[in-house]
Structures are given as structure tokens and as C-alpha cells.
Amino acid sequence: MIALVDCNNFYVSCERVFNPALEGRPVGVLSNNDGCIVARSNELKALGVEMGTAMHLLPPFIRRQAILLSSNYALYGDMSRRVTEALTEFSPDVEIYSIDESFVGFQGFDPTTLEAYGQHLRETVRQWTGIPVSVGFAPTRVLAKLANHAAKKHPGYRDKGVCKLETDSPATQILLKQLPVTGLWGIARRTGERLRLMGIETAWQLREADPKQIRRHFSVVQERIVWELRGQPSIQLDDMSQPKQQIMVSRSFGRLTNSPQDLREALRQHATRAGEKLRKQGSVTSTVMVFVHTNSFRTDLPQYRNRTVVSLERPSDDSRDLINAAVQGLRQLWRKGYAYHKVGVMLLDLSPKANRQLTLTETSQTEAEARRSERLMDTVDRLNRELGRGTVQLGLSRAGNAWALRSEHRTPRYTTRWDELVKVRM
DNA sequence: TCTGGGGTCCTAGGACCC
DNA sequence: TCTGGGGTCCTAGGACCC
């Protein structure tokens with residue numbers, strides 16, 4: 001058996017841990033730039049607010065009664081780490097799947113005791129971190145997702161917050177027959193539409209479908225879902241401890257801008273952040289992709305989106321190389337007459353730094369330069385880690401720039417910034 | 001005025017090689 | 001008039017996830 005442990009309304013729950021006055025109230029957490037709603041308390045869901053609702057489309061009567069907070073990722077990231085730590089007390093086999101979900105392996109545990117064990121896990125996580133979680137047990141990941149969903153929503157399970165499903169048990173069959181196929185993990189709107197044309201509308205109908213036929217019509221991804229529904233584990237989770245294969249950093253601007261300087265500064269910032277991520281996982285990159293685009297919602301304005309790829313002379317993890325490449329790419333992309341909304345950088349072709357190939361022409365002088373680069377980046381990373389992100393920057397940016405994020409309702413970073421904690425208490 | 005950010009996997013199709 | 005076939009690698013784009 002495997003369990004999916006999922007934090008309930010995670011970002012909202014994090015905020016509530018530090019501000020109990022938010023309990024029982026309709027609370028939402030906003031995306032970057034306070035643009036749309038990315039997390040909702042049950043009370044806000046009950047008001048009919050959908051995930052991803054744009055702030056400016058939120059009906060006034062909801063805006064009046066809801067408490068809407070800017071997102072505080074430093075806080076959520078740190079709370080997530082604490083939840084994971086608590087989970088490792090219950091099984092050595094914890095796979096972090098996202099900031100608020102982990103699969104926990106319980107192979108070899110006595111199946112009859114699992115539900116009680118799940119209860120104990122919930123209580124412990126709640127007590128240690130303040131975060132409420134739901135637990136779904138099943139033989140496969142797709143079914144564990146379903147079990148978790150039932151543990152959150154289904155009348156028969158939600159009071160306990162734990163649900164265990166066996167392959168093809170009556171309870172499992174009932175849930176699958178009630179569930180639209182798009183409620184399954186891995187089946188979204190597009191695939192759902194095509195399945196409907198084949199007469200498959202419920203999760204149970206997909207379970208009954210011929211896996212080979214599903215593969216012919218779709219791909220191996222959907223075929224695996226059928227096998228998983230039948231209780232046969234077929235989905236491997238990529239090992240999250242493996243280094244990423246690509247690294248992306250991008251942000252929408254706080255307001256539209258057509259100033260090349262704004263774009264350049266934002267991009268320098270993104271390239272710097274990408275370099276930090278790259279070094280943290282011990283990789284180097286040889287290809288930097290840059291993209292820009294205008295705001296596609298502003299149909300009244302001329303639209304432009306483009307991207308370009310810049311190859312580095314040799315693989316690098318030095319932020320200065322990344323910045324140079326990114327700025328060079330931007331020079332090719334920038335066009336007059338557009339109101340830009342977003343720039344970003346992607347690092348592709350990542351490889352482990354340890355394998356770095358020395359080129360034939362590499363001399364001892366460039367070797368010395370590489371060592372200097374390494375020492376400089378180490379120092380920059382250490383200072384930023386210890387004193388807070390942005391303490392040391394490569395090049396200065398102006399205050400009040402157009403690309404600065406709007407974040408008007410952010411709560412203090414309670415668990416990672418002493419200065420902000422003190423401010424609260426005074 | 002205002003609509004997130006970051007990632008993965010898979011397939012199709014073109015280029016290229018022998 | 002006739003104009004191979006099969007393998008591999010790469011890229012772009014679709015779909016999905018949280």
C-alpha cells in the first residue's frame with residue numbers, strides 16, 4: 001500500500017497557523033502580483049470562488065467579506081519542509097510530489113492497522129506543524145489520489161480524514177462510478193473530451209476499457225492510468241532528488257513596460273536566480289533560452305511573443321555568463337512599440353558539474369579563471385543564504401521599476417525572518 | 001488598473017546517416 | 001520511366017500536474 005498525504009488548503013492553512021483569527025473565515029491566497037486566487041479556505045470555496053479566479057473578476061460582495069492575502073512562498077516552503085520531516089517519522093519511504101503532497105510507501109505494513117496508523121499520522125503532523133492533512137491509502141498512485149480525494153470530500157470518510165481503498169472493492173467501485181473521468185489524476189479536459197467521444201465518461205468506464213485500445217487512441221500515459229485503476233502499479237514517480245532537467249525563472253511585471261532597460265534589469269534578476277538554482281543542484285548549463293511576451297489578455301494592444309536560444313562557449317554555472325547570454329538574447333528579441341508583460345529565462349542542456357568537459361583549447365589560465373568563478377559564486381550564494389535573498393547582487397537595479405512585483409497583502413515571513421517576527425510582536 | 005510560476009513526459013515529424 | 005528503407009537524434013508542441 002501507498003499513501004498520498006495532502007495538506008488541506010495548504011497556503012491558507014500556513015497562514016492560519018500564525019493567525020488563528022483566520023479560522024472559520026473565507027480566506028484566499030493570491031498569485032504573484034496579487035493577480036488571481038491560488039488557494040482557498042473551505043469557506044471561500046463555499047462562496048463559489050473557483051481556483052484561479054482573477055482578482056478583478058471577483059464579485060464585490062465576496063471581496064468585501066473575504067480575507068485575501070498575497071502569497072508568502074518563504075513561509076510555505078519552510079512549512080512544507082516541516083511537514084515532510086514529520087512524515088519521515090512514519091515511513092522511510094517518502095516521495096515529495098509537490099509543495100503540499102507526498103507519496104508515502106507502506107509496503108510490508110499490516111494492512112489492517114493502516115487506517116489507525118493514518119489517523120495517528122494526521123494527528124502528529126497537526127500537532128507538530130499546525131497543518132491539517134488528508135491521507136489516502138491504495139495499492140497504486142492513481143487510486144491513492146482518489147482515496148485522498150475521498151478522505152477530503154466524501155461524506156463517508158471526511159470526518160476521519162483517512163480513506164483506504166482496495167482494488168475493485170465495493171467502496172472503490174462506487175467511488176469510480178461516481179467520478180467523472182476528468183476527476184482522475186492525469187486526465188484533464190482535452191483527454192476527457194476525446195474519451196467522451198468514445199463513450200467513456202466515468203472513471204469506472206475507463207477502468208473497464210481495453211488498455212491497448214486506450215494506448216492506440218492516446219498514449220502510454222493514459223494506458224498506465226487504466227492499469228493503475230485496475231490495481232496494477234504502473235506509474236513511477238521521477239526521483240525528486242534527481243537534478244532538474246531544465247530551470248526556468250520568469251515573472252510578470254507589476255505593470256506593462258516598453259523600456260528596454262526594465263526588461264534587461266528584470267532579466268538580469270531572473271538569470272541570477274536561475275544561476276542560484278543551477279549551482280544548488282550542482283549542474284552546469286550550455287544553453288540559455290530567453291523569452292518575452294506582451295499581455296495576451298490585452299486584446300486592445302498589439303501582441304508579440306518570441307524566444308531565442310543562446311549557446312554558451314562552454315558549460316557554466318557562473319551567473320555572469322548566464323546574465324551575458326540572457327542580455328544578448330534579449331537584444332535579438334526586443335522590438336519597438338510593444339507593451340511587455342513578461343520576460344523569462346530557461347536553462348536547458350543541464351549536466352552535472354563534475355562531468356564538465358575540458359575543451360581542447362582550455363589552458364591553465366582558464367582553469368584558474370574557473371576556480372576564481374567558483375569561489376565568487378560560492379561566496380555570493382553563502383551571503384544570500386545567510387543574510388537573505390538579494391543581499392549581494394550582480395549589478396544594481398533601480399528602485400520603483402516597473403517589473404517589481406505587486407504584493408500588497410503579504411503576511412510576515414514568520415519562520416524564516418526574525419526581523420519580521422519582531423515587528424509583529426511590537 | 002488588474003488574469004501565476006515552474007516543471008514533466010510523450011509524440012510527431014524533420015534531418016541525417018548508411 | 002524508374003527514384004529504398006530503416007535507424008537515430010533533435011525539436012516543437014501538446015497535455016498535464018500543483
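Lettering follows sequence order; numbering is per chain, from 1.
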Heavy atoms under 4.0 Å, any strand shown: does [X] hit a base, just sugar-phosphate, or nothing?
| X | result |
| --- | --- |
| A:Ile187 | sugar-phosphate |
| A:Leu184 | sugar-phosphate |
| A:Arg273 | nothing |
| A:Met248 | base |
| A:Ser71 | nothing |
| A:Leu30 | nothing |
| A:Arg224 | sugar-phosphate |
| A:Asp100 | sugar-phosphate |

Within less than 4.0 Å of OP1 or OP2 of [N], is there a side-chain N or O belonging to [X]?
| X | N | result |
| --- | --- | --- |
| A:Ser252 | B:dG5 | yes |
| A:Ser250 | B:dG4 | no |
| A:Lys277 | B:dG5 | no |
| A:Asn33 | B:dC2 | no |
| A:Gln222 | B:dC10 | no |
| A:Arg251 | B:dG6 | yes |
| A:Arg194 | C:dA15 | no |
| A:His270 | B:dG5 | no |
| A:Lys342 | B:dG5 | yes |
| A:Arg307 | C:dG13 | yes |

Rounded distance (Å) that lies between atom [atom2] of [N] and atom [atom1] of [X]:
| X | N | atom1 | atom2 | answer |
| --- | --- | --- | --- | --- |
| A:Gln246 | C:dA12 | CD | P | 12 Å |
| A:Arg190 | C:dA15 | CZ | C1' | 8 Å |
| A:Ile235 | C:dC17 | CD1 | P | 11 Å |
| A:Leu348 | B:dG7 | CG | P | 11 Å |
| A:Arg40 | C:dC18 | CZ | P | 13 Å |
| A:Asn9 | C:dC18 | CG | C1' | 14 Å |
| A:His341 | B:dT1 | NE2 | C1' | 12 Å |
| A:Ile96 | B:dG6 | CD1 | C1' | 16 Å |

(message) Let me spell it out: for each of A:Gln245 and A:Gly52, pick the nucleotide of DNA chain B with the closest heavy atom. Which residue's pick is nearer the 5' end?
(response) A:Gly52
(message) Quick check: on DNA chain B, is the nucleotide nearest A:Ile247 upstream (toward 5') of the one nearest A:His56, or the reverse? Name the residue that is more 5'.
(response) A:His56
(request) Could you check A:Leu206, A:Thr202, A:Thr182 and say which one makes a side-chain contact (heavy atoms from CB on, under 4.5 Å) with A:Leu195? (result) A:Leu206
(message) Could you identify the nucleotide paired to B:dT11, looking across every strand shown and requiring Watson-Crick or G-U wobble geometry with both distances under 3.5 Å?
(response) C:dA12
(request) Rounded to whole angstrom, note down the C1' distance from B:dC17 over to C:dG4. (result) 14 Å
(message) Tell me whether A:Asp210 is salt-bridged to A:Lys212, with the criterion being a basic N under 4.0 Å from an acidic carboxylate O.
(response) no
(request) Could you tell me whether A:Lys177 and A:Glu201 have a side-chain N and a carboxylate O separated by less than 4.0 Å? (result) no
(message) On the six-membered ring of A:Phe291, is A:Arg305 placed so that its NZ or CZ lies under 6.0 angstrom from the centre and within 45° of the ring axis?
(response) no
(request) Please say whether the positively charged group of A:Arg230, taken as NZ for Lys or CZ for Arg, lies over the ring of A:Trp227, i.e. under 6.0 angstrom from the six-membered ring centre and within 45 degrees of the axis. (result) yes
(request) Look at the rings of A:Tyr97 and A:Trp185 and say which category their plane angle falls in: under 30° parallel, 30 to 60° tilted, over 60° perpendicular. (result) perpendicular
(message) When you compare the side chains of A:Ser252 and A:Asn33, does any donor N or O come within less than 3.5 Å of an acceptor on the partner?
(response) no
